[in-house]
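Okay, so here's the structure we're looking at.
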Amino acid sequence: MKTRLLTLLLLTAALLAPMVQAERIRDITSVQGVRTNALMGYGLVVGLDGSGDQTMQTPFTTQSLNNMLSQLGITVPPGSNMQLKNVAAVMVSAQLPPFARPGDKIDVVVSSLGNAKSLRGGTLLMTPLKGVDNQVYALAQGNLLVSGAGASSGGNRVQSNQLNGGMISDGATVERGVAVDFAAQEVLRLQLHEEDFYAAQQVSDTINRRFSGSAIAEDSRTIKLFAPQDSAGKVRFLAEVQNLPVALEVMDAKVIINSRTGSVVMNRHVTLGACAVAQGDLMVEVLRNQQVSQPDTPLAGGETVVTNQNAVSLREGSGSLQKVNTSTDLNSVINALNRLGATPNDLMAILQAMKNAGCLRAKLEIQ
């Protein structure tokens, strides 16, 4: 009996203890100054199956094609009305990774600039990609990969893929790199992906246990490192630091909603507080009732217990069409709203109203 009771107490203590998870430092931080750089360019996609720009409405496509042909030694007679259907003007973007060298390959994203219906089957002509300093850092060219069409879910058609955008894997060749004098940096700094004083201190303590006195948490996001001065020593030091496991408690509760598809992502269990929200024909009411339990007789020797019983009531229209009672768990409420036919806009408005009223105790991000 004692063994059973001890086991039960240990299990209860384990469930009530704060959740702790081990992460590598490299997964939650980045090295300050070691970052990507955005590149952008304007180009033409050819070889489309009649789904290109309508040149009467997008004259810049015709102008771009004339300029390209003139550079190839082809002169278009003045006043020619070219009705092009297989050409589309596009914007090309890419991310230049740190320490990139000439000859390296990077991926590019191609997006329609005009009114092309689809870029599927097209080929991007050679396009210079420039940085913020207006210097050319890469050249892009190649066949576009445009994935599937829309998909339907729950009776509602959701456009999961866009036909007027695509990508080219290894579609650009780096022509020049961004100079990063890594060896000249006397002090290195790690930056947390999300600001958190506890996480910054835990990372600093973990590094100091491995390399005594080599890390200081400067604020909720920055950890200062005292690394060896030679380049090879810095690389070895950072390699070991980034692979150190650090124990972190579960971060703040966060709810992320996609405004286009209505999908909701939560990083932990979220319980709603008492509130009432009306959005169009939908009514969401979170109730918190107290239930009092007393002994049968005044002298029974028991005690009065007060417990909270929470419930959520969802109504559509006047309440006569459909009524759903569910728990105060946010996941259950969202599932019930989806069954009532709530649109992504309804879902965003309801969650935002709950957040403003203090009913939703989590960070709300709308993308």
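Just so it is clear, the values below take in all heavy atoms, side chains as well, and ignore hydrogens, waters and symmetry mates.
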Notebook entry, point to check: Looking only at heavy atoms, which two atoms of Gln141 and Leu125 are closest? And how far apart?
Noted result: OE1-C, 3.9 Å
Next item on the list: Would you give the length of the straight line joining atom CZ of Phe60 to atom CG of Leu113, rounded to the nearest 0.5 angstrom?
Entry: 4.5 Å
Notebook entry, point to check: Do Phe226 and Phe211 belong to the same hydrophobic cluster, where Ile, Leu, Val, Met, Phe, Trp and Tyr are linked whenever their side-chain heavy atoms lie under 4.5 Å apart, directly or via other members?
Noted result: no
Notebook entry, point to check: Does the Arg176 side chain pair with the main chain of Tyr137, one donor and one acceptor, at a distance under 3.5 Å?
Noted result: no
Next item on the list: Taking the side chain as every heavy atom from C-beta outward, state whether Gln63 and Asn66 have any atom pair closer than 4.5 Å.
Entry: no
Item checked: Side chains of Val136 and Leu129 in contact at under 4.5 Å (non-hydrogen atoms) -> no
Margin query: Any side-chain to backbone donor/acceptor pair from Ser112 onto Asn164? Under 3.5 Å, distance only.
Written below: no
Margin query: Using every non-hydrogen atom in the two residues, find where Ala215 and Ser204 come nearest and quote the distance to one decimal.
Written below: O-OG, 3.4 Å
Note to self: So which atom in Ser118 and which in Ser51 form the shortest heavy-atom distance, rounded to 0.1 Å?
What the structure shows: O-OG, 2.9 Å
Checklist line | Euclidean distance, Asn86 CG relative to Asp49 CG, rounded to 0.5 Å | finding: 7.0 Å
Notebook entry, point to check: Between Asn115 and Gln54, is there a donor-acceptor pair closer than 3.5 Å when you use the side chain of the first and the backbone of the second?
Noted result: yes
Checklist line | Euclidean distance, Asn243 CG relative to Ile25 CD1, rounded to 0.5 Å | finding: 9.0 Å
Margin query: Please find the pair of heavy atoms, one from Ala200 and one from Ala217, that lie closest to each other, and give the distance.
Written below: O-CB, 3.8 Å
Next item on the list: Compare every heavy atom of Gly122 with every heavy atom of Val45, then report the nearest pair and how far apart it is.
Entry: CG1-CA, 3.7 Å
Notebook entry, point to check: Please walk me through it: do Asp104 and Arg101 pass salt bridge (Lys or Arg N to Asp or Glu O under 4.0 Å)?
Noted result: CA-CA 6 Å; Asp104 292 347; Arg101 296 292 183 264; over 6 Å; no
Next item on the list: State plainly whether one hydrophobic cluster holds both Val92 and Leu163, where clusters connect Ile, Leu, Val, Met, Phe, Trp and Tyr through side-chain heavy atoms under 4.5 angstrom apart.
Entry: yes
Notebook entry, point to check: Nearest 0.5 Å, what's the CG-CZ distance between Leu244 and Arg24?
Noted result: 11.0 Å
Margin query: Applying the side chain to side chain donor-acceptor pair (under 3.5 Å) criterion to Gln95, which one of Asn37, Asp107, Thr36 satisfies it?
Written below: Thr36
Notebook entry, point to check: What distance do Leu44 atom CG and Leu124 atom CG have between them, rounded to the nearest 0.5 Å?
Noted result: 8.5 Å
Note to self: Can you confirm whether Ser214 sits close enough to Ile207 that some side-chain heavy atom of one is under 4.5 Å from a side-chain heavy atom of the other?
What the structure shows: yes
Check: So, does Arg221 use its side chain to make a donor-acceptor pair with the main chain of His193 at under 3.5 Å?
Finding: yes
Next item on the list: Report yes if the side chains of Asn143 and Thr123 come closer than 4.5 Å at any heavy-atom pair, otherwise no.
Entry: yes
Next item on the list: Could you tell me whether the side chain of Val87 reaches within less than 4.5 Å of the side chain of Thr62, counting heavy atoms only?
Entry: no
Next item on the list: Looking only at non-hydrogen atoms, find the nearest pair between Ala88 and Leu119 and report the distance.
Entry: CB-CD2, 3.8 Å
Checklist line | No-hydrogen, no-angle side-chain donor-acceptor test under 3.5 Å, Gln201 and Asp205 | finding: yes
Notebook entry, point to check: With distance as the sole test, does Asp53 use its side chain to make a donor-acceptor pair with the main-chain N or O of Ala116 at under 3.5 Å?
Noted result: yes
Check: Considering only heavy atoms from C-beta outward, does the side chain of Gln202 approach that of Asp196 to under 4.5 Å?
Finding: no
Check: Is any side-chain heavy atom of Val241 less than 4.5 Å from a side-chain heavy atom of Leu190?
Finding: yes
Margin query: Can you confirm whether Val46 sits close enough to Leu65 that some side-chain heavy atom of one is under 4.5 Å from a side-chain heavy atom of the other?
Written below: no
Note to self: Can you tell me how far apart CZ (Arg236) and CG (Asp230) are? Round to the nearest 0.5 Å.
What the structure shows: 10.0 Å
